[in-house]
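This report concerns only the one structure given below.
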Amino acid sequence: MIKEKTKKILQTLPKQVELVAAAKDRTSEEIGQTIESGVKIIGENYLKQAKLHYNSIGSRVKWHFIGHLQKNKVRKAVKIFDLIETLDSLKLAEVINKECKRINKVMPVLIEVNSASEAQKFGITPEEVIKFKEELDQLSYLKVCGLMTMGPFAKNPEEARPYFRQTKKVFDKLEDKYQDNHWRYLSMGMSSSYKIAVEEGANIVRIGTAIFGPREKK
Ligand SMILES: *Cc1c(COP(=O)(O)O)cnc(C)c1O
């Protein structure tokens with residue numbers, strides 16, 4: 001099942017769009033199946049699970065961090081991940097910068113945009129993104145590669161469309177402003193909303209349940 005679902009999704013995505021298999025609470029075996037079917041990037045929300053999977057799967061795929069990163073987990077996270085998609089505060093950025101300096105690694109990151117400006121969500125509001133990017137540019141062990149957004153939680157994925165569209169606008173604005181060739185990723189859309197996100201310009205989609213099936217509560 002996982003294999004067929006993965007292949008179908010890969011076939012329907014335009015070729016400029018990269019698929020991240022969102023692997024929270026899945027087994028290494030399940031992740032292995034999606035890799036056999038062509039997935040090249042695994043998204044992890046929790047460091048503990050990421051370490052487990054990384055130890056069995058290794059660096060034949062890329063690893064994206066897509067959860068909320070706690071500062072006390074950064075030292076371990078920077079060793080594993082190829083891209084941190086959820087940079088949501090300057091404090092966190094400073095810790096990542098410091099830990100990357102220790103191991104002499106430049107960490108690619110995306111700025112998490114709280115596109116619907118929801119109080120309970122992590123991320124930078126659309127109005128603050130430019131200022132935040134300028135602060136990040138002072139940190140030499142970070143490479144800021146674009147934006148990520150969750151969009152609002154809604155039953156109907158169409159409700160996310162205006163927020164995806166707005167995030168794309170901010171993405172384009174920064175592209176024009178900085179002419180920076182690291183600036184290239186716009187990560188938007190999950191199982192229910194990825195088609196809409198792609199229509200609105202996403203070039204990374206993060207898909208869990210549409211690949212692996214419903215998640216069992218653990
Ligand atoms: C779980 C998760 C996804 C995937 O969600 P699905 O609805 O299972 O596709 C995408 N992005 C983030 C940040 C997630 O935590």
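Positions are given from 1, in the same order as the sequence printed here. Counting convention: from 1, in listed order, for ligands and their atoms alike.
With rounding to the nearest 0.5 angstrom, the CD atom of Glu118 is 10.5 Å from the CZ atom of Phe153.
Near Lys24, with a cut-off below 4.0 Å to any heavy atom, the atoms of ligand 1 are 1 (C), 2 (C), 3 (C), 14 (C), 15 (O). Within ligand 1, counting atoms from 1 as listed, the ones closer than 4.0 Å to a heavy atom of Asn45 are 14 (C), 15 (O). Using a 4.0 Å cut-off to heavy atoms of Thr209, the atoms of ligand 1 that qualify are 6 (P), 7 (O), 8 (O), 9 (O). Applying the 4.0 Å criterion to heavy atoms of Ala22 picks out, from ligand 1, the atoms 3 (C), 4 (C). The atoms of ligand 1 that sit less than 4.0 Å from any heavy atom of Ile207 are 9 (O).
The shortest distance between side-chain heavy atoms of Leu69 and Asp88 does not fall below 4.5 Å. In this structure, Phe132 and Leu90 have side chains that are in contact, with non-hydrogen atoms separated by less than 4.5 Å.
The environment of NZ in Lys62 is sparse: at most 12 heavy-atom neighbours from other residues, nucleotides or ligands sit within 6.0 Å.
Across Lys71, Arg75, Lys105, a single residue satisfies side-chain hydrogen bond (donor to acceptor under 3.5 Å, both in side chains) together with Glu99, and that is Arg75.
Judged by distance alone, with hydrogens and angles left aside, the side-chain atoms of Asn97 form no donor-acceptor pair with the main-chain N or O of Ala93 at under 3.5 Å.
Contact annotation for Met150 and ligand 1: only side-chain heavy atoms (C-beta onward) come within less than 4.0 Å of the ligand. Proximity of Arg215 to ligand 1, defined as any heavy-atom pair under 4.0 Å, is not found for any part of the residue.
Checked against the 6.0 Å centroid threshold, Trp183 and Tyr178 do not count as a close aromatic pair.
What sits closest to atom 9 (O) of ligand 1 on the protein, heavy atoms only, is Ser191 OG, 2.5 Å. Scanning the protein heavy atoms around atom 10 (C) of ligand 1, the nearest turns out to be Met190 SD, 3.3 Å. Counting only heavy atoms of the protein, atom 11 (N) of ligand 1 lies nearest to Arg206 NE, 2.9 Å.
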